[in-house]
There are 2 protein chains.
Amino acid sequence: MKISTRGRYAVRVMLDLALHDTGEYIKVKDIAKRQSISEKYLEQIISILNKAGYVHSVRGAQGGYRLANKPETYTVGMILRLTEGSLSPVSCLDNDPVQCERYSICETVMIWQRLLDAINSVIDNVTIQDLVDKHNESNASDDYVI
Amino acid sequence: MKISTRGRYAVRVMLDLALHDTGEYIKVKDIAKRQSISEKYLEQIISILNKAGYVHSVRGAQGGYRLANKPETYTVGMILRLTEGSLSPVSCLDNDPVQCERYSICETVMIWQRLLDAINSVIDNVTIQDLVDKHNESNASDDYVI
DNA sequence: CTATTTTCCTATTGCTATAGTATGAAAAGC
DNA sequence: GCTTTTCATACTATAGCAATAGGAAAATAG
């Protein structure tokens, strides 16, 4: 039941882009350095975000990435579902409607359904902007560091 | 973020034992047949439950397993944590207290902490007896089938 | 026009966990 | 002593994760 690095890194990338949004495009190299993540691996992850239109890219020198939309429009749930796939704890819930013919008599499916609902209600109610705010709270003094 | 078959099967085994509790010991072979699970694989799973004292075993002919305690004393959370290990979505929360020195400034850990709390609050509030009740509701007519 | 920077694309690799299968020993009952 | 059952352990196949690697394509700088 672990979230993979792909999903976690994707959230950190989006947060990093939000925190360093100066209007200019941000290079993978810079994000990788700040986040201590392999540059090449990060390329693959950000490419997923790019294909989904979550970030906007520019190639070539002085190129890079920036958020396609405002930080408050991205929930952690969106990002995790994009990069991790379904967050359902069992695959039988991945199809809508559920295909399994035992569904109506399955005693355990209600647990997994409740679990999925609980998971979604957490991650769909945290946006990248919330993380930015959290960052600014705990690191407010950073602004004054020379 | 999937729960493995080991954890899911363990829950089904406990439910199966609860549903077929006639006072006699129940063979792995019978559970395996009813649940459509490989006998040998089930042996390994039930062995975990046995070592933890969740079930009681008797060897030899006419041997088998039964629940060590009443169905209402087993939560799904107990069973999943036993068989799956920690259900924390990130490993940094597996240590108590958290070891990571970035903990206090980590913007994302609050998401994972909330997620873990949400997961726990679901699975710790469903007992095997709840699943028995659910079964009896949806299959009440079974009692009258010849 | 060329060199550099950066994204973009895809192949490969090492590792680990899962989901079993297989073999047989030990205990208990008939 | 034979059969039934749990108990213990070794093995295997597959898949996904977490990268690493190599280079093509696009854009800019000079």
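- A search for salt bridge (Lys or Arg N to Asp or Glu O under 4.0 Å) contacts involving B:Asp16 returns B:Arg34, not counting sequence neighbours.
- Of the residues in residues 77-92 of chain A, none has a non-hydrogen atom less than 4.0 angstrom from any atom of DNA chain C.
- Scored by the side-chain hydrogen bond (donor to acceptor under 3.5 Å, both in side chains) test, A:Tyr103 finds no partners at all (sequence neighbours excluded).
- Here A:Ser86 pairs with A:Asp94 under the side-chain hydrogen bond (donor to acceptor under 3.5 Å, both in side chains) rule; sequence neighbours left out.
- Taking 4.0 angstrom as the limit, B:Arg6 places a side-chain polar atom (N or O) nearer than this to OP1 or OP2 of C:dT18.
- Axis angle, first five pairs versus last five pairs of the helix from C:dC1-D:dG30 to C:dC30-D:dG1: 0°, rounded to 10°.
- Residues meeting the side-chain hydrogen bond (donor to acceptor under 3.5 Å, both in side chains) test with B:Thr127, sequence neighbours left out: B:Asp130.
- Residue pairs that meet the side-chain hydrogen bond (donor to acceptor under 3.5 Å, both in side chains) test with at least one member in residues 51-64 of chain A, sequence neighbours left out, are A:Tyr25-A:His56, A:Asn50-A:Ser57.
- Atom pair A:Gln62:CD and C:dT4:C1' shows a separation of 11 Å (rounding to whole Å applied).
- Residues from residues 19-37 of chain B that place a heavy atom under 4.0 Å from any atom of DNA chain C: there are none.
- Near DNA chain D, defined here as any heavy-atom distance below 4.0 Å, the residues from residues 42-57 of chain B are B:Glu43, B:Gln44, B:Asn50, B:Lys51, B:Ser57, listed numerically.
- If you measure from atom NZ of A:Lys2 to atom P of C:dT18, you get 10 Å, rounded to the nearest angstrom.
- You can see that DNA chain D meets the heavy atoms of chain A within a 4.0 Å-exclusive cut from D:dC17 to D:dT28, reading 5' to 3'.
- Evaluation of the salt bridge (charged side-chain N to carboxylate O under 4.0 Å, His left out) test over residues 76-87 of chain B, restricted to residues two or more places apart or in two chains, returns B:Arg81-B:Asp124.
- A:Asn95 meets the side-chain hydrogen bond (donor to acceptor under 3.5 Å, both in side chains) test with no other residue; sequence neighbours excluded.
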